[in-house]
There are 2 protein chains.
Amino acid sequence: MGFSMLTSSTQPRVLPCGRPKVCEANQPSPELLEVWKNQLRGYLISQGLKYTHQRWKIAELILMTGGHLDAQALVEQVKKMHHGIGASTVYRSIKVLCDASILKESLTDANGRVVYELFEHGHHDHIVCLDCDEIFEFHDEKIELQQSAVIQELDFREVRHRHVVYAHCSYRVT
Amino acid sequence: MGFSMLTSSTQPRVLPCGRPKVCEANQPSPELLEVWKNQLRGYLISQGLKYTHQRWKIAELILMTGGHLDAQALVEQVKKMHHGIGASTVYRSIKVLCDASILKESLTDANGRVVYELFEHGHHDHIVCLDCDEIFEFHDEKIELQQSAVIQELDFREVRHRHVVYAHCSYRVT
DNA sequence: ATGAATGCAAAGGTTTTGCACCCCC
DNA sequence: GGGGGTGCAAAACCTTTGCATTCAT
């Protein structure tokens with residue numbers, strides 16, 4: 001398999017603050033990984049680009065970790081897991097993976113860095129836990145609708161939005 | 001006065017897209033500037049820090065332009081208006097002014113840069129105009145309330161949030 | 001075979017830091 | 001007079017780019 005240290009546990013993972021990772025996407029099954037791999041391959045072929053070992057390894061790492069990494073963290077992870085892949089390849093791959101609809105920019109974290117996440121259809125917003133730095137997702141239709149109304153009222157036409165709540169975890173033990 | 005080119009017009013300024021700057025704070029009166037100056041001086045004294053020409057000039061520039069500048073833009077503005085103030089002083093002053101509750105981080109713009117704005121009591125969210133890059137403010141109580149409800153439901157305690165809508169301007173002429 | 005992708009290193013751009021000198025209190 | 005502040009330059013950081021080499025097709 002090659003990723004056993006990441007795929008092992010079947011019981012829900014628990015965060016430092018005691019909260020289960022309820023809002024976090026589960027790790028993809030081997031079958032799902034194949035689906036993504038084929039999506040990547042298909043995209044690359046369609047664009048006259050090449051499917052390479054490095055591009056897949058980087059994509060796989062993102063998929064296995066559930067996304068929510070900034071560029072720098074991704075470079076470090078890649079260096080750790082796959083000695084030999086250079087930083088520039090990671091940066092270049094981020095662009096390709098975004099174009100391939102596997103990755104997308106999501107929010108900017110507390111340090112002002114752009115965090116990437118898996119491209120999943122369906123919009124969601126984010127909660128950044130100030131206790132454990134974990135990123136959670138939420139979606140609320142009432143908020144979305146009201147936002148649309150407000151934006152229209154002000155004569156704007158929304159293209160996208162980012163709604164990020166920085167919060168403490170009520171589960172916190174410390 | 002020294003800032004006449006910035007304070008002149010009494011009629012509402014109009015943006016490139018034709019929209020008046022309705023959401024933008026007005027430029028402060030000389031009296032209000034004195035209030036801010038005293039706030040800065042008071043803060044500095046209370047912290048055992050020193051009131052300097054440079055710190056005030058940087059604060060004044062931010063106040064006169066209504067805020068909404070990233071660090072780089074502020075450095076350029078300062079260089080233009082006050083030849084002799086170095087970039088490092090600007091960066092150091094940004095921190096001091098944030099601590100003094102004159103400035104605060106607000107949003108990250110389309111380029112991923114942190115934009116600072118005047119510290120004003122009363123929360124608001126932002127609309128970034130993709131046509132003219134101007135930043136507008138909005139506030140909607142329904143959204144705020146619903147957000148609070150959602151966050152509480154998920155067992156978080158909100159500290160702050162950033163809600164930024166990137167949009168086109170319906171006024172757009174081009 | 002051929003053109004794209006890679007790794008390295010160098011360059012770019014932004015922000016921070018070290019230090020001698022300056023100035024506010 | 002003394003300690004914080006400033007300007008300059010150098011360093012630190014992150015990201016992009018140029019180029020020779022490697023690799024996928």
Side-chain angles (χ1 to χ4, degrees), chain A residues 37-38 40-62 69-100 102-103 105 107-116, chain B residues 37-62 69-100 102-103 105 108-116:
Chain A
K37 189 188 283 192
N38 286 331
L40 176 58
R41 186 178 265 121
Y43 168 80
L44 292 171
I45 289 172
S46 78
Q47 298 298 306
L49 305 175
K50 288 173 181 166
Y51 177 88
T52 64
H53 175 72
Q54 290 92 330
R55 283 178 172 162
W56 171 243
K57 282 302 167 194
I58 292 167
E60 187 182 47
L61 204 159
I62 294 163
L69 291 162
D70 63 46
Q72 194 57 26
L74 185 55
V75 168
E76 285 166 21
Q77 284 295 314
V78 169
K79 282 234 161 101
K80 191 188 300 177
M81 305 288 286
H82 305 286
H83 180 60
I85 298 183
S88 42
T89 297
V90 176
Y91 280 103
R92 288 188 274 233
S93 293
I94 287 174
K95 291 193 183 87
V96 171
L97 293 174
C98 285
D99 292 340
I102 287 177
L103 203 61
E105 292 189 8
L107 73 166
T108 47
D109 66 14
N111 304 316
R113 290 186 182 139
V114 174
V115 174
Y116 294 88
Chain B
K37 189 189 281 194
N38 286 331
Q39 177 175 336
L40 176 59
R41 186 178 264 122
Y43 168 80
L44 292 170
I45 290 172
S46 77
Q47 298 297 307
L49 304 175
K50 285 171 182 168
Y51 176 89
T52 64
H53 177 71
Q54 290 92 328
R55 282 177 173 164
W56 171 243
K57 281 303 166 192
I58 293 167
E60 186 182 46
L61 204 159
I62 295 163
L69 292 163
D70 64 44
Q72 195 57 26
L74 186 55
V75 168
E76 284 165 21
Q77 284 295 315
V78 169
K79 281 232 160 102
K80 190 188 301 178
M81 304 289 286
H82 304 286
H83 181 59
I85 298 183
S88 42
T89 298
V90 176
Y91 281 103
R92 288 188 275 234
S93 292
I94 288 174
K95 292 195 184 85
V96 171
L97 293 174
C98 284
D99 292 340
I102 287 178
L103 202 60
E105 291 188 9
T108 48
D109 66 14
N111 303 317
R113 291 190 182 134
V114 174
V115 174
Y116 294 89

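Lettering of chains follows the sequences in order, A, B, ..., and the numbering in each one begins at 1. As the structure is a prediction and not an experimental result, all values here were calculated from the model.
- Across Lys50(A) and Leu44(A), no two heavy atoms sit closer than the pair O-CD1, 3.6 Å.
- Residue Thr52(A) is classed as a sugar-phosphate contact, given heavy-atom separations below 4.0 Å to backbone atoms only.
- When the C1' atom of dT14(C) is taken as reference, atom CZ of Arg113(B) falls 8 Å away, rounded to whole Å.
- Each of Gly48(A) and Val75(B) has a nearest nucleotide on DNA chain C; the 5'-most of these lies closest to Gly48(A).
- Two residues are said to be in side-chain contact when any heavy atoms from C-beta on lie closer than 4.5 Å; Glu76(A) and Gln72(A) meet this criterion.
- In this model, the phosphate group of dG13(C) is not approached by any side-chain N or O of Gln72(B) to a distance below 4.0 Å at OP1 or OP2.
- To the nearest angstrom, C1' of dC24(C) lies 11 Å from CZ of Arg41(B).
- Counting heavy atoms from C-beta outward, Val96(B) and Gln47(B) have side chains that stay 4.5 Å or more apart.
- Look at Lys95(B) and you'll find a side-chain N or O under 4.0 angstrom from OP1 or OP2 of dT16(C).
- Atom pair Gln54(B):CD and dG4(D):C1' shows a separation of 12 Å (rounding to whole Å applied).
- Heavy-atom nearest nucleotides on DNA chain D were determined for Tyr51(A) and for Ile85(B), and the one closer to the 5' end corresponds to Ile85(B).
- At the heavy-atom level, Leu49(A) lies under 4.0 Å from the strands shown only through sugar-phosphate atoms.
- Comparing Lys50(B) and Thr89(B), the nucleotide of DNA chain D nearest to each residue sits closer to the 5' end for Lys50(B).
- Remark: C1' of dT17(D) and CD1 of Ile94(A) are 16 Å apart, rounded to the nearest angstrom.
- Counting to the nearest Å, the P atom of dC24(C) and the CG atom of Leu44(B) are 13 Å from each other.
- Between Ser88(B) and Glu76(B), the residue anchored closer to the 5' end of DNA chain C is Glu76(B), taking for each the nucleotide with the nearest heavy atom.
- Looking at heavy-atom distances under 4.0 Å, Arg92(B) makes contact with a base.
- The two atoms that bring Arg113(A) and Asp70(A) nearest to each other are CD-OD2, 3.6 Å, heavy atoms only.
- Look at CH2 on Trp56(A): it is 18 Å from C1' on dA5(C), rounded to the nearest Å.
- Nearest approach of Val90(A) to Ile58(A), heavy atoms of both residues: CA-CD1, 3.9 Å.
- To the nearest angstrom, P of dT25(D) lies 15 Å from CD of Gln47(A).
- Put simply, CZ on Arg55(B) is 14 Å from C1' on dC22(C), counting in whole angstrom units.
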